[in-house]
Amino acid sequence: MANGANSKSCELCVSSGGTVLWESPVCRVVRVADPNYPGFCRVIWTAHIREMTDLDAGERRSLMDVVFAVEGVIRSLFAPDKINLASFGNVVPHVHWHVIPRWQEDRHFPEPIWGTVQREGRPGAPTVDDATLADALSRALGGSTQ
């Protein structure tokens with residue numbers, strides 16, 4: 001299913017897309033280095049696929065099981081006011097989901113994090129290091145590359 005011509009120039013095919021916290025043969029969970037949004041993760045499908053409907057039904061369920069597990073871990077460790085789930089692919093046309101913890105006092109709330117800045121400052125979120133987050137994901141998802 002991978003499109004070789006596109007995958008050679010695809011950012012998510014040639015790099016990890018963040019700090020890898022958990023990986024399976026079909027997808028990986030990475031932490032996005034954004035100090036304004038601690039706990040921000042991406043779930044990235046390994047093969048270069050442009051749209052969710054390019055995956056078969058079982059692959060879609062498998063991917064969303066990972067997205068929901070990541071959401072649960074982030075809620076447990078960071079206690080955000082809200083979780084945003086987003087899948088765009090307009091800039092990087094490779095199936096991936098953003099799992100973003102949000103706080104009412106974060107820079108953009110109630111706007112999306114790509115919207116207009118509403119205030120300066122960072123949320124008073126718990127500090128959770130990569131190893132703790134990776135361990136929690138491993139327990140939720142099974143197995144780990146860490």
Side-chain angles (χ1 to χ4, degrees), residues 1-115 122-146:
M1 281 188 160
N3 182 333
N6 289 338
S7 64
K8 291 178 183 171
S9 62
C10 173
E11 175 183 333
L12 297 179
C13 288
V14 299
S15 73
S16 63
T19 301
V20 177
L21 301 171
W22 180 89
E23 190 168 28
S24 77
V26 297
C27 70
R28 65 188 175 274
V29 177
V30 302
R31 187 173 197 169
V32 176
D34 187 333
N36 294 302
Y37 297 95
F40 179 175
C41 290
R42 284 189 196 107
V43 179
I44 303 167
W45 193 254
T46 301
H48 186 79
I49 302 295
R50 293 178 59 89
E51 307 295 345
M52 287 290 291
T53 52
D54 291 336
L55 301 171
D56 68 35
E59 291 169 326
R60 288 192 298 267
R61 280 190 299 277
S62 175
L63 177 59
M64 294 314 295
D65 285 348
V66 174
V67 170
F68 298 144
V70 172
E71 177 184 319
V73 165
I74 291 171
R75 288 182 69 195
S76 173
L77 293 176
F78 292 89
D81 296 319
K82 181 72 177 96
I83 293 282
N84 289 170
L85 299 177
S87 178
F88 299 111
N90 297 337
V91 175
V92 180
H94 181 125
V95 168
H96 64 285
W97 283 84
H98 302 270
V99 184
I100 311 161
R102 300 296 307 277
W103 291 268
Q104 290 182 9
E105 70 271 13
D106 74 38
R107 294 184 70 208
H108 294 91
F109 200 90
E111 295 283 323
I113 68 166
W114 299 281
R122 293 171 49 187
T127 301
V128 178
D129 62 26
D130 290 346
T132 301
L133 185 50
D135 184 57
L137 289 168
S138 182
R139 285 193 312 273
L141 292 164
S144 175
T145 60
Q146 301 297 303

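Predicted, not measured: the structure shown is a model, and the values here were computed from it. Values below: all heavy atoms of this structure, side chains included; hydrogens, waters and symmetry mates excluded.
To the nearest 0.5 Å, atoms CD (Glu23) and OG (Ser138) are separated by 12.5 Å. Distance check, rounded to the nearest 0.5 Å: CG of Leu21 to CG of Leu133 gives 5.0 Å. Arg60 contributes atom CZ, which lies 7.0 Å from atom CG of Leu55 (distance to the nearest 0.5 angstrom). We find the CG-CG distance between Asp135 and Leu77 to be 9.5 Å, quoted to the nearest 0.5 Å. Note that CD1 of Ile49 and CG of Leu12 are 13.0 Å apart. Values are rounded to the nearest 0.5 Å.
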Might you work through the side-chain contact (heavy atoms from CB on, under 4.5 Å) test for Val95 and Asp54, ending with a clear yes or no?
CA-CA 9 Å; Val95 168; Asp54 291 336; over 6 Å; no
List the steps and the verdict of side-chain contact (heavy atoms from CB on, under 4.5 Å) for Val32 and Cys41.
CA-CA 5 Å; Val32 176; Cys41 290; 5.9 Å; no
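Residues Ile74 and Pro101 share a closest heavy-atom pair of CG2-CB, 3.6 Å. Considering every non-hydrogen atom in both Ser16 and Val30, the closest pair reads O-CG1, 3.4 Å. Residues Gln104 and Asp81 come closest through the heavy atom pair N-OD2, 2.8 Å. For the pair His96 and Arg42, the tightest heavy-atom approach, listed with the atom from each and the gap, is CD2-CD, 4.0 Å. When every heavy atom of Phe78 is checked against every heavy atom of Pro126, the shortest pair comes out as O-CD, 3.2 Å. Closest heavy-atom contact between Pro38 and Pro35: CD-O, 3.8 Å.
Of the possible polar contacts, one joining the Ser15 side chain to the Glu11 backbone as a donor-acceptor pair under 3.5 Å is found. In this structure a side-chain-to-backbone donor-acceptor pair under 3.5 Å is present from Ser24 to Cys27. Looking only at distances, no side-chain donor or acceptor of Trp22 sits under 3.5 Å from a matching main-chain atom of Val66. For His94 (side chain) and Val92 (main-chain N/O), no donor-acceptor pair under 3.5 Å exists by modelled atom type. Side-chain atoms of Arg28 do not come within 3.5 Å of backbone N or O of Val20 as any donor-acceptor pair.
You'll find the side chain of Ile83 stays beyond 4.5 Å of the side chain of Ile100, heavy atoms only. Residues Phe40 and Ile113 form a side-chain contact, since some pair of their non-hydrogen atoms from C-beta on lies under 4.5 Å apart. Using a 4.5 Å cut-off on side-chain heavy atoms (C-beta onward), Glu111 and Asp106 make no contact. Considering only heavy atoms from C-beta on, Trp97 comes within 4.5 Å of Met52 through its side chain. The shortest distance between side-chain heavy atoms of Lys82 and Trp103 does not fall below 4.5 Å. The closest side-chain heavy-atom distance from Trp45 to Val26 is below 4.5 Å. A 4.5 Å side-chain heavy-atom check between Pro80 and Arg102 finds every atom pair outside the cut-off. A 4.5 Å side-chain heavy-atom check between Leu85 and Glu71 finds at least one atom pair inside the cut-off.
Asp129 and Thr132 share a donor-acceptor pair across their side chains, judged by distance under 3.5 Å alone.
Legend: residues meeting side chain to side chain donor-acceptor pair (under 3.5 Å) with Asn90, ordered by chain and number and at least two apart, are absent.
Other residues, nucleotides and ligands contribute only 12 or fewer heavy atoms inside 6.0 Å of the CZ atom of Arg75.
A salt bridge between Asp130 and Arg31 is present, with a side-chain N of the basic residue lying under 4.0 Å from a carboxylate O of the acidic one.
Separation of the Trp114 and His98 ring centroids falls under the 6.0 Å cut-off.
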